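The structure appears below as structure tokens.
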Number of protein chains: 2
Amino acid sequence: MTGYLHSSRILVALDCIIFGFDGEALKLLLIKRNFEPEFGNWSLMGGFLNADEDLHDAATRILFTLTGLQNNYLEQLQTFGAVNRDPVERTISVVYYSLVNINDQDPLALKAHNASWIDLDSKPQLIFDHDQMVEAALRQLRYKAALYPIGFELLPEKFTVPQLQKLYEAIYNVKLDRRNFSRKIMATELLLGTGEKDATSVTKKGQLFKLNKEKYHDYLNGYQSFLPEFTELSLT
Amino acid sequence: MTGYLHSSRILVALDCIIFGFDGEALKLLLIKRNFEPEFGNWSLMGGFLNADEDLHDAATRILFTLTGLQNNYLEQLQTFGAVNRDPVERTISVVYYSLVNINDQDPLALKAHNASWIDLDSKPQLIFDHDQMVEAALRQLRYKAALYPIGFELLPEKFTVPQLQKLYEAIYNVKLDRRNFSRKIMATELLLGTGEKDATSVTKKGQLFKLNKEKYHDYLNGYQSFLPEFTELSLT
DNA sequence: TAAAATTGTGTATGTTTGACACATAAATAG
DNA sequence: CTATTTATGTGTCAAACATACACAATTTTA
């Protein structure tokens with residue numbers, strides 16, 4: 001029934017949950033607001049939809065503005081539309097979440113927006129309904145990462161199996177068995193050995209792998225499912 | 001960054017995908033439009049968000065208007081926001097999907113809106129991007145019904161195990177083994193026997209069950225997962 | 001009254017998960 | 001430089017689960 005003339009045109013915002021991983025914990029890129037409203041409080045990065053702009057393009061723009069990155073994993077999450085969610089003016093917010101490699105971002109852009117990476121565990125209270133948005137994003141990340149190998153989006157191009165394991169442990173907040181995890185991952189054929197060894201880590205032993213792009217896209221397109229057992233984990 | 005004054009206020013529509021089940025096939029409640037634009041073509045039921053109305057309330061209102069039903073399963077799916085998706089005016093559409101018992105609706109409301117139940121398999125082409133919406137809704141239904149027992153929302157209060165099986169076969173477009181399905185379902189403890197037998201079906205033998213509401217809510221809240229093996233099915 | 005169809009329960013097999021042992025290589029402490 | 005500690009890579013085994021298939025009982029249909 002779209003297409004009627006109608007009087008209620010409404011402000012459409014976008015907010016973006018940006019996930020990163022530093023090798024130990026899941027992190028969020030948050031903004032300490034140096035502008036009104038809610039000056040001094042923490043929030044997600046956001047912006048408004050322009051009249052001549054696709055929704056997804058707007059999310060891409062907002063992400064680029066903050067991180068300097070353009071080709072990240074970016075997926076629409078949900079739209080928040082309670083009447084009083086923004087006290088200033090009725091605004092609905094289309095929420096996206098993004099997975100980025102924490103090393104790739106533009107530090108100047110971050111500084112300019114007063115943004116910093118915060119451990120998910122020690123997240124401050126956010127403005128408006130942004131806490132609910134983060135909660136929903138984490139749920140979605142957990143679901144999605146169980147069926148599709150999107151976790152790799154959070155890692156650098158080359159990584160070790162234990163690094164990958166730590167990532168999944170951080171996402172699902174569980175301890176996994178090294179041996180079983182390794183076997184499982186290797187069986188997916190998603191990892192290509194590079195022959196190199198990890199030089200950055202404290203312990204130098206891990207073999208560096210990179211992603212098998214072809215297999216990766218097969219999994220993304222759903223021809224096979226990734227680690228379905230994680231779908232059963234209680235998501236506390 | 002919500003809260004700025006900003007000039008781009010945009011028309012916000014809602015469209016609703018309504019799933020039903022007639023014992024054999026999954027069905028959609030669709031509208032043959034007797035109004036402009038796109039007069040004579042098929043579309044989803046939709047409407048516009050009022051300025052003083054929560055998003056979810058608006059979806060509930062639209063569903064009620066068409067079906068006369070108020071307490072159905074109703075979940076937000078995704079927001080569609082391509083610039084030219086609606087040729088009349090820039091409109092973003094927040095899409096909801098709903099699961100209803102096909103016997104419970106108000107026939108007068110359906111008539112008044114020129115709506116009818118159409119087999120998913122023989123769906124006509126819909127206006128604008130509504131075909132994409134239906135596709136996304138089916139994907140979501142398949143995902144959700146694998147982890148949560150929301151399929152029951154499509155059945156009458158009392159039903160037989162074979163009826164339930166047919167529903168899952170329709171949702172996932174597969175053939176399931178009677179014996180294994182029955183065992184699996186009984187193990188969930190979601191079914192309470194009523195002692196009665198099915199009088200309506202051609203074959204009168206099936207025992208009628210009803211839903212164990214308590215267990216049902218446990219599953220919905222994610223304390224256990226339902227039939228996770230379906231998450232692995234190829235969703236063609 | 002017999003045959004066909006549908007429902008309910010049982011059993012066997014192959015696969016996968018999850019728990020744990022051992023060997024090897026690298027880093028660290030003395 | 002050597003021994004100890006730490007982290008990584010591969011292997012085995014039992015329990016749980018999915019899958020395939022057999023048979024009995026009841027109702028419908030011919």
Side-chain angles (χ1 to χ4, degrees), chain A residues 23-24 145-147 149 155 158-170 172-210 219 224-234, chain B residues 23-24 145-147 155 158-170 172 174-210 219 224-234:
Chain A
E24 292 298 329
L147 299 182
L155 293 175
K158 297 176 183 178
F159 52 86
T160 66
V161 172
Q163 278 172 15
L164 184 63
Q165 179 178 341
K166 283 204 167 156
L167 170 61
Y168 275 86
E169 289 179 336
Y172 293 101
N173 198 32
V174 289
K175 266 286 167 202
L176 299 173
D177 184 281
R178 263 179 332 107
R179 284 96 25 128
N180 296 333
F181 183 80
S182 172
R183 182 158 35 84
K184 194 89 209 213
I185 291 293
M186 289 308 173
T188 65
E189 300 180 33
L190 276 164
L191 266 46
L192 293 174
T194 64
E196 303 170 58
K197 299 243 168 167
D198 187 351
T200 60
S201 123
V202 189
T203 152
K204 286 197 180 180
K205 243 198 62 183
Q207 189 192 346
L208 284 171
F209 292 90
K210 58 181 183 181
Y219 277 96
Q224 342 185 31
S225 128
F226 184 48
L227 300 170
E229 67 271 21
F230 287 147
T231 55
E232 300 198 55
L233 290 178
S234 70
Chain B
E24 291 299 326
L147 299 181
L155 292 176
K158 298 176 182 176
F159 51 86
T160 66
V161 173
Q163 276 172 14
L164 185 62
Q165 178 178 342
K166 282 204 169 158
L167 171 61
Y168 275 85
E169 290 179 336
Y172 293 102
V174 289
K175 266 285 166 202
L176 299 173
D177 185 281
R178 260 181 334 110
R179 282 92 32 125
N180 296 333
F181 183 80
S182 172
R183 182 156 34 83
K184 195 87 211 224
I185 290 294
M186 288 308 174
T188 64
E189 300 182 32
L190 276 165
L191 267 45
L192 292 174
T194 63
E196 305 170 56
K197 300 242 167 167
D198 187 351
T200 61
S201 122
V202 188
T203 150
K204 288 197 181 180
K205 243 197 61 184
Q207 192 195 344
L208 283 171
F209 293 91
K210 57 181 183 180
Y219 276 97
Q224 341 184 30
S225 122
F226 184 50
L227 300 170
E229 69 270 22
F230 286 149
T231 57
E232 301 197 55
L233 290 176
S234 69

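Per chain, numbering begins at 1; letters A, B, ... match sequence-line order. It should be emphasised that the depicted structure is a prediction, and the values quoted were computed from it without experimental measurement.
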Item to complete: Report the distance from atom CZ of A:F159 to atom P of D:dT8, rounded to the nearest whole Å.
Response: 14 Å
Fill in: Donor-acceptor pair under 3.5 Å, B:R183 side chain vs C:dG8 base
no
Discussion item. Using a distance-only criterion (donor-acceptor N/O pair, under 3.5 Å, no hydrogens), is the base of D:dA18 paired with the side chain of B:D177?
Written reply: no
Item to complete: Take the protein atom CD of B:Q165 and the nucleotide atom P of C:dG8, then report the distance between them rounded to whole Å.
Response: 11 Å
Response to the item:
Considering only heavy side-chain atoms of A:R178, the closest of D:dT8, D:dC17, C:dA19 is D:dT8
Response to the item:
Closest of D:dG11, C:dA19, D:dC23 to the A:R179 side chain is D:dG11
Worksheet entry | Heavy-atom closest contact (A:R178 atom, A:Q165 atom, distance) | CA-OE1, 3.5 Å
Discussion item. By nearest atom, which of the nucleotides C:dA19, D:dA20, D:dT8 is closest to the B:N180 side chain?
Written reply: D:dA20
Fill in: Interatomic distance where CZ belongs to B:F181 and C1' belongs to C:dT6 [whole Å]
16 Å
Item to complete: Let me know the distance between CG of B:L208 and P of C:dT7, rounded to the nearest Å.
Response: 12 Å
Discussion item. Any heavy-atom pair between the side chains of A:F159 and A:K166 that's under 4.5 Å?
Written reply: no
Worksheet item: Can you tell me how far P of D:dA18 sits from CD1 of B:I185, to the nearest Å?
Response: 12 Å
Worksheet, complete the sentence: Scanning both residues in full, the closest heavy-atom pair of B:V161 with B:F181 reads O-CE2, 4.1 Å
Fill in: Protein-nucleotide distance (A:L176, atom CG; D:dA7, atom P), rounded to Å
17 Å
Discussion item. Could you check whether any side-chain heavy atom of B:M186 comes within less than 4.5 Å of a side-chain heavy atom of B:F209, counting everything from C-beta outward?
Written reply: yes
Practice prompt. Could you tell me the separation between the CD atom of B:Q207 and the C1' atom of C:dT6, rounded to a whole number of Å?
Written response: 14 Å
